[in-house]
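What follows is a single structure, written as structure tokens, with notes after it.
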Amino acid sequence: MRNLFVLSVVFLFSVTSCKDENKSNPPNIIIIYADDLGYGDVSSYGLGTLNTPNIDKIANQGTRFTSGYSSSATCSPSRYALLTGTYPWRNKRAKILTGANLIIDTTEMTLPKMLKNSGYQTGIVGKWHLGLGDSKINYNQKISPGPNEVGFDHSFIMPDTQDRVPTVYIENGKVVNLDPKDPIEVSFEKNFEGQPTGKENPELLSMMWHHGHNGSIVNGVPRIGFMKGGTLAQWSDIDMADEFLNQAKKYISKVKDNPFFLFYTLQQPHVPRTPHPRFEGKSGMGPRGDAIIEADWCIGELYAHLEENKLLENTILILSSDNGPVLNDGYYDDAVEKIGDHTPSGGLRGGKYSLFEAGTRVPLITYWKGKIKPQVADETVSQIDFLNSIAALIGSQTRSKDGVDLSEVLFKNSGTGRSELVIEAQTKTAFRSQNWVLIPPYAGPEKSYYTNVELGNSENYQLFDLDTDQAQQNNLAKSQPEKLNQMIKRYQEIIGSKE
Ligand code: NG6
Ligand code: CA
């Protein structure tokens, strides 16, 4: 009995001191977030044929999750959920954005706000895609609200996507290199007189559009939407990866003496895929593969920067992707033709835009030198839990609406994952509970005509057992009526709590 008492005291003491250590000496947090990187695109997952040695190095020294999820099969909703810990289907505006206003309420709790309240400096470098401003955006003035109004002290962003105008960087609310004599005008309705477009001037293109993407031409690449002016401010597509990397390194060097959070949001391998020429041909799979090799190189450089600055011991790296992979997402860029034996979805069904697994099951890796032991974990974890888990780790009481505290499994090689998770794809939802996945009936094509991705739409309920059927080939809805009803009931209980 006495021994038990002593043991309990020792245990309590060690738990408390561990918590206190993270509170008194909080680790830096860096989330590296790729755009459209698939479950099979990272070589340490052992599923495809691409080589990503720098990501593998991190994965092999940290926890590599085999059931890590983004909250949505598209970008903006996933980013919304990651930053707010709230399911995107609760927010009607959390869908793919094009020139939209900010979809995070400035009074809402966010991951960077929570960290700021806990004494962190907070920065974002890379793709934003959560909207800007609260009325028609004027790019020639300070643009607000944006990242700086929802918790980031510093922001250097691409506003939406690389395929959308305006094709300029915005730093802390101001367009970088803007010449006031050459103001920027943007429209998603009609072209500005005299401006060439992808539709009317194919002779000016260095990359041909396949579907959509036939608006203004910038650097030979046709975009979504129309833009005029801002010539000096236009980004160089092939230098974007270097620009974001340098900005990320600069930010780290600036804030490194105090705890910091960096959201490093890569543009690769989203379209248009424009790797720097030094990566051209490196994958043998055309620009999509080369862009992933480029992203992998950037991650290696960032890691080296942390090492040089002796920051690795006290920095948690989290690496993931906002949604699953797609090959043809609107340009002729050889992604389909040169894919060879590579499987971006790693054998999962579907891809970007899909309710099937490949839409939201993505690479997810956590690394913390000397703290997280190398491990492959099969627990279900989701990006929606980052806010709560990081808060719990550093001793903050803040909790989000839909996240759970997975700090043990994400950062301590222990504990269990989520038992339930709702995933989203283009405003439709599906439900995972343990090894079971329920996809309710939805109208719409089974396959997207343009992207050739299986979307998960069906007249009937679909029920899959991932323990025996990772590829979701056997619909058990008819043969397992009890399980089906149990899943429907629970799914409706959760979805019914929509506000
Ligand atoms: C779609 C675009 C696609 C991509 C996507 C957003 C067309 C035809 N398709 O509307 O190319 O930009 O939006 O991708 O325009 S995401 O990863 O940011 O969600
Ligand atoms: Ca994306």
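First listed ligand is number 1; within each ligand, the first listed atom is number 1.
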inquiry  = Give the atom numbers and elements of ligand 1 that come within less than 4.0 Å of a heavy atom of Asn323.
reply    = 17 (O)
Test ring-ring contact (aromatic ring centres under 6.0 Å, His included) applied to Phe263 - qualifying residues, sequence neighbours left out = Tyr33
ask   = What do the steps show when you test Phe464 against Trp436 for ring-ring contact (aromatic ring centres under 6.0 Å, His included), and what is the final call?
value = CA-CA 6 Å; Phe464 301 102; Trp436 293 92; 9.7 Å; no
inquiry  = Using a 4.0 Å cut-off to any heavy atom of Asp35, which atoms of ligand 1 qualify?
reply    = 17 (O)
inquiry  = Give me the nearest non-hydrogen protein atom to atom 15 (O) of ligand 1 as residue plus atom name, then the distance to 0.1 Å.
reply    = Ile224 CD1, 3.3 Å
key: salt bridge (Lys or Arg N to Asp or Glu O under 4.0 Å) between Glu454 and Arg349, intermediate numbers included   = CA-CA 7 Å; Glu454 285 190 289; Arg349 191 166 178 187; 3.0 Å; yes
message = Once ring-ring contact (aromatic ring centres under 6.0 Å, His included) is applied, do any residues pair with His154, and if so which ones, sequence neighbours excluded?
response = Tyr251
key: Protein heavy atom at shortest distance from atom 11 (O) of ligand 1   = Asp329 O, 2.8 Å
message = Within this structure, what is the CG-CZ distance for the pair Asp329 and Arg273, rounded to the nearest 0.5 Å?
response = 6.5 Å
query = Should you measure from each heavy atom of Thr74, which atoms of ligand 1 turn up under 4.0 Å away?
reply = 19 (O)
note = closest protein heavy atom to atom 17 (O) of ligand 1 is Lys352 NZ, 2.9 Å
key: Region of Thr98 engaging ligand 1 - heavy atom pairs below 4.0 Å   = neither
ask   = Between Tyr45 and Tyr39, is the gap from one ring center to the other below 6.0 Å?
value = yes
query = Out of Arg79, Lys127, His129, Arg164, who gets a non-hydrogen atom closest to atom 1 (C) of ligand 1?
reply = Arg164
task = Could you go through the salt bridge (Lys or Arg N to Asp or Glu O under 4.0 Å) check for Asp36 and Lys352 one step at a time?
result = CA-CA 7 Å; Asp36 299 2; Lys352 181 176 179 177; 2.9 Å; yes
ask   = Any Lys/Arg nitrogen of Asp56 or Arg64 sitting under 4.0 Å from an Asp/Glu carboxylate oxygen of the other?
value = no
key: Geometric N/O contact Cys75 with ligand 1, under 3.5 angstrom   = yes
Residue part near ligand 1, for Asp160, under 4.0 Å between non-hydrogen atoms = neither
query = Is any protein N, O or S atom closer than 3.0 Å to the Ca ion (ligand 2), and if so, which?
reply = Asp35 OD1, Asp36 OD1, Asp322 OD1, Asp322 OD2, Asn323 OD1
task = Show the numbers, then the answer: is there a side chain to side chain donor-acceptor pair (under 3.5 Å) between Asp385 and Ser389?
result = CA-CA 6 Å; Asp385 305 316; Ser389 307; 5.9 Å; no
request  = State if Tyr331 counts as touching ligand 1 under the rule of any non-hydrogen atom under 4.0 Å.
outcome  = no
task = Answer with yes or no after comparing the ring centroid distance for Tyr169 and Phe156 against a 6.0 Å cut-off, counting only values under it.
result = yes
key: Polar proximity ligand 1 side, Thr161 side, N/O cut 3.5 Å exclusive   = no
task = With sequence neighbours excluded, give me every ring pair (Phe, Tyr, Trp, His ring centres under 6.0 Å) pair touching residues 316-361.
result = His210-Tyr332, His213-Tyr331
message = Quick check on Phe188: does its CZ atom have over 12 non-hydrogen neighbours (other residues, nucleotides or ligands) under 6.0 Å away?
response = yes
remark   = The closest protein heavy-atom partner of atom 8 (C) of ligand 1 is His211 CD2, 3.5 Å
request  = Distance to 0.1 Å, residue and atom name: give those for the protein heavy atom nearest to atom 7 (C) of ligand 1.
outcome  = His213 CE1, 3.6 Å
query = Taking only heavy atoms of Ile96, which atoms of ligand 1 are found under 4.0 Å from at least one of them?
reply = 6 (C), 13 (O), 19 (O)
ask   = Which atoms from ligand 1 have a heavy atom of Tyr353 less than 4.0 Å away?
value = 1 (C), 3 (C), 4 (C), 5 (C)
